[in-house]
Engineer: 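Structure in structure tokens, see below.
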Amino acid sequence: MTGNSLVISPNMAPDQQQVLLIEGYNALVKKVKRLEDEYPIMPRQNQQLNRFRLFRIIDVLGGKDSNAYKNKHVRAKVQRAFAKDYKEFFEVDIYANTPRGSYKKALGFISDWLPSFEVGAEIRELNKKEI
């Protein structure tokens with residue numbers, strides 16, 4: 001296929017027409033694949049990722065009843081750490097720009113994410129204390 005258009009003439013031999021159709025089909029498949037992989041996730045997927053992210057952060061902090069969760073400073077530190085790691089890993093500036101092709105990978109990232117050793121130690125220390 002030459003250029004951006006596919007021109008099949010009735011004067012062409014059937015094998016030439018078939019070659020042009022196959023080339024056009026392959027180009028279309030590549031464009032669709034690029035759309036699926038590179039374009040940002042759908043709003044519903046973004047909502048789901050945000051919900052899973054919040055659940056993961058609560059879990060990492062030890063639950064809503066934990067001392068670490070109740071400490072706004074530590075909770076904010078964990079949220080910032082998660083955001084930094086996620087955005088660096090997926091090379092995005094906001095969660096909503098996560099590529100569609102990376103949606104399942106993002107779910108895995110969220111479920112596997114842990115804070116740095118330093119932040120994790122702070123969480124463990126806070127959760128050992130009684131209020």
Side-chain angles (χ1 to χ4, degrees):
M1 185 166 92
T2 57
N4 290 332
S5 63
L6 174 65
V7 180
I8 298 177
S9 161
N11 299 332
M12 288 182 171
D15 58 334
Q16 289 177 314
Q17 291 177 358
Q18 188 175 21
V19 167
L20 284 177
L21 285 172
I22 291 170
E23 288 176 358
Y25 172 79
N26 288 337
L28 181 62
V29 167
K30 285 180 185 178
K31 286 180 182 181
V32 169
K33 179 76 172 135
R34 193 185 98 237
L35 285 173
E36 290 175 343
D37 289 345
E38 296 176 9
Y39 276 53
I41 55 176
M42 300 298 287
R44 175 98 172 141
Q45 291 173 311
N46 186 43
Q47 289 173 341
Q48 290 173 332
L49 286 180
N50 282 329
R51 190 171 63 245
F52 291 140
R53 173 179 58 88
L54 293 175
F55 288 149
R56 180 65 186 148
I57 288 170
I58 291 168
D59 186 49
V60 164
L61 289 166
K64 286 188 175 185
D65 294 327
S66 70
N67 293 339
Y69 178 84
K70 292 174 184 174
N71 184 310
K72 291 179 184 179
H73 173 72
V74 172
R75 190 169 65 229
K77 185 186 286 190
V78 171
Q79 289 171 337
R80 284 190 306 272
F82 179 91
K84 180 181 178 288
D85 292 348
Y86 185 94
K87 291 172 183 180
E88 283 180 6
F89 186 82
F90 289 101
E91 298 178 352
V92 295
D93 54 347
I94 59 174
Y95 297 116
N97 285 342
T98 302
R100 280 186 199 169
S102 298
Y103 178 71
K104 288 182 181 178
K105 190 175 184 178
L107 291 172
F109 178 92
I110 293 169
S111 67
D112 294 342
W113 182 82
L114 291 171
S116 68
F117 179 81
E118 179 184 324
V119 174
E122 187 174 356
I123 291 168
R124 287 186 297 277
E125 189 62 34
L126 273 172
N127 287 341
K128 285 181 187 177
K129 294 179 182 178
E130 301 229 1
I131 295 182

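None of the values given here were measured: they were computed from a predicted structure.
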Engineer: Under a 4.5 Å cut-off applied to non-hydrogen side-chain atoms, are I123 and R75 in contact?
Structural biologist: no
Engineer: Can you label the angle between the F82 ring and the Y86 ring as parallel, tilted or perpendicular, going by 30° and 60°?
Structural biologist: parallel
Engineer: side-chain contact (heavy atoms from CB on, under 4.5 Å), that's the test. Do Y103 and L107 meet it? Break it down for me.
Structural biologist: CA-CA 6 Å; Y103 178 71; L107 291 172; 3.7 Å; yes
Engineer: Can you check whether V119's main-chain N or O pairs, donor with acceptor, with S116's side chain at less than 3.5 Å?
Structural biologist: yes
Engineer: Hey, are the side chains of T98 and Q45 touching, using non-hydrogen atoms and a 4.5 Å cut-off?
Structural biologist: no
Engineer: Do you know the tightest heavy-atom contact between A68 and L126?
Structural biologist: CA-CD1, 4.0 Å
Engineer: Sub-3.5 Å donor-acceptor pair from the side chain of R100 to the main-chain atoms of E36, do we have one?
Structural biologist: no
Engineer: Do any N or O atoms from the side chain of R124 and from the backbone of G120 form a donor-acceptor pair under 3.5 angstrom?
Structural biologist: yes
Engineer: Taking all heavy atoms of V74 and all of E122, pick out the closest pair and write down the distance.
Structural biologist: CG2-OE2, 3.3 Å
Engineer: Among N97, V92, I94, which one satisfies side chain to side chain contact (heavy atoms under 4.5 Å, CB included) with P40?
Structural biologist: N97
Engineer: To the nearest 0.5 Å, tell me how far K87 NZ sits from K84 NZ.
Structural biologist: 12.0 Å
Engineer: Can you see which heavy atom on F90 is nearest to which on S102, and at what distance?
Structural biologist: CE2-CB, 3.8 Å
Engineer: Can you confirm whether K33 sits close enough to K30 that some side-chain heavy atom of one is under 4.5 Å from a side-chain heavy atom of the other?
Structural biologist: no
Engineer: Where do K70 and K64 come nearest, in terms of heavy atoms and distance?
Structural biologist: CE-O, 3.9 Å
Engineer: Which pair of non-hydrogen atoms, one from R56 and one from L114, has the smallest distance, and what is that distance?
Structural biologist: NH2-CD2, 3.2 Å
Engineer: Does N127 reach the main-chain N or O of N67 with its side chain, forming a donor-acceptor pair under 3.5 Å?
Structural biologist: yes
Engineer: Which heavy atom in V78 sits nearest to a heavy atom in L61, and how many Å separate them?
Structural biologist: CG2-CD2, 3.6 Å
Engineer: Decide if atom CD of Q17 counts as having more than 12 heavy atoms of other residues, nucleotides or ligands within a radius under 6.0 Å.
Structural biologist: yes
Engineer: Which residues pass the side chain to side chain contact (heavy atoms under 4.5 Å, CB included) test with N46, not counting sequence neighbours?
Structural biologist: I41, N50, Y95, A96
Engineer: Run the side-chain contact (heavy atoms from CB on, under 4.5 Å) check on W113 and V60 step by step: do they pass?
Structural biologist: CA-CA 9 Å; W113 182 82; V60 164; 4.1 Å; yes
Engineer: How many angstroms lie between atom CE of M42 and atom CD of Q47, to the nearest 0.5 angstrom?
Structural biologist: 11.0 Å
